[in-house]
Amino acid sequence: MSSCDDSDDGPDMNQQAFDAADVVNGGRMYDKFWADETNFTDPADPGVNLATITDYGDFYRCKGCHGWDQLGNSASYIDRGPKTSRPSVASNNVHQFVATNSISDIFDAVKNVGGRDVDASLTSDGTNGQGDGHPDFSKILSDEQIWDLVKFLKAGAFDVTQLYTIQTSGTYPSGSRSFTHVGAGGDVSAGVTFYSDNCASCHGANGRDNGNGIIIQYNQDIGRSIGEFVREKPYELQHKAVYGNLGSSPEMLGVNSANIDDIKNMFLALSDTTAYPDL
Ligand code: HEC
Ligand code: HEC
């Protein structure tokens, strides 16, 4: 973009940028914006060294601070405490912010000009005191990429309360959570078909074994069958099923056209422990 690349250009230009944005690229960037499966190549500011980001990757991945569900530290990530290598989960609710703000305001919040700098000393001190803030993405991402993220947040990301019920107890980071009603209201046979059409070739008809050994190997790596994964981490699978599991070999690019009903149906099907058993 030339003259239309600033959010101050007004609502029409912003709406055009939003309409032209790539929701799938945005969903992948939300996971890990420098992955091979995104269109990211170099930081927007040539003065920023990419290694300063990738060496402390969890301090820059949207999902690392806001969760796969955009709900922050009071939902699925209530137990994900900070470590030397990762930040505290943010306390704000991005899902709520996105629902109640304009695309221009979301763009500005993500871009966050003047926000936490890309500086290894802020993320390598082992205390996470300074590295927890939302980074200054104006130095990292292009406006087009930020619009892709806005499109994902506004038009792609699911309302996970439609997919399962989470019960939490305690408070971050020592809280705990469990899931019930996974896929409630879905259509089991549509879910079986969706899984069989889009996942079974790699993960096996029952989510743990396709008979040629390949997928057993994958499942050993991931530590769970696909049924177990949906029962234990539905918040993560609702994202990966659509945008992919970045960096996989063979590539798992996700079912980019899947809507929330497809995922709900698949979740209901996969919650059957007889058809889709644990490892
Ligand atoms: C290191 C942690 C961290 C990372 C990484 C991060 N954020 Fe944030 N983000 C925050 C915090 C904390 C806030 C609350 C405001 C602040 O402190 O700047 C916030 C605020 C926001 C807001 C405004 C919502 C509100 O409630 O004010 C949006 C939208 C947002 N982030 C989206 C993203 C996206 C998209 C990415 C990835 C490109 C991302 N964030 C990466 C920590 C992070
Ligand atoms: C082209 C093959 C392929 C297809 C199709 C595929 N996957 Fe995968 N999937 C993989 C690979 C490879 C991995 C990574 C395994 C590893 O880490 O060793 C993976 C990983 C996963 C994981 C684990 C993620 C994690 O973070 O550990 C889940 C869950 C998953 N896939 C679910 C699905 C679902 C659901 C579908 C259908 C919507 C699907 N996959 C389609 C190949 C595929």
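Just so it is clear, the values below take in all heavy atoms, side chains as well, and ignore hydrogens, waters and symmetry mates. Model, not experiment: these values are computed from the prediction. When a ligand or atom number is given, it counts from 1 through the structure's own listing order.
Not a single protein heavy atom sits closer than 4.0 Å to atom 17 (O) of ligand 1.
Residue H203 has at least one N or O atom closer than 3.5 Å to an N or O atom of ligand 2. Close N/O approach between E251 and ligand 2 is not found [any backbone or side-chain N/O within under 3.5 Å]. Checked against a 3.5 angstrom limit, the closest N/O atoms of K240 and ligand 2 fall inside it.
Assignment of R116 to the shell around ligand 1 is supported, since a heavy atom sits closer than 4.0 Å. The closest approach between S88 and ligand 1 stays at or above 4.0 Å for every heavy atom of the residue. Heavy-atom distances between G64 and ligand 1 stay at or above 4.0 Å for every pair. In this structure, K233 falls outside the shell of residues with a heavy atom less than 4.0 angstrom from ligand 2.
Taking 2.8 Å as the limit, the number of protein N, O or S atoms around atom 8 (Fe) of ligand 1 is 2.
Shown in contact with G133 at under 4.0 Å from a heavy atom are these atoms of ligand 1, numbered in order with element: 1 (C), 2 (C).
Atom 8 (Fe) of ligand 2 has an N, O or S atom of M252 inside 2.8 Å of it.
Residues passing the side chain to side chain contact (heavy atoms under 4.5 Å, CB included) test with N259, sequence neighbours excluded: D261, D262.
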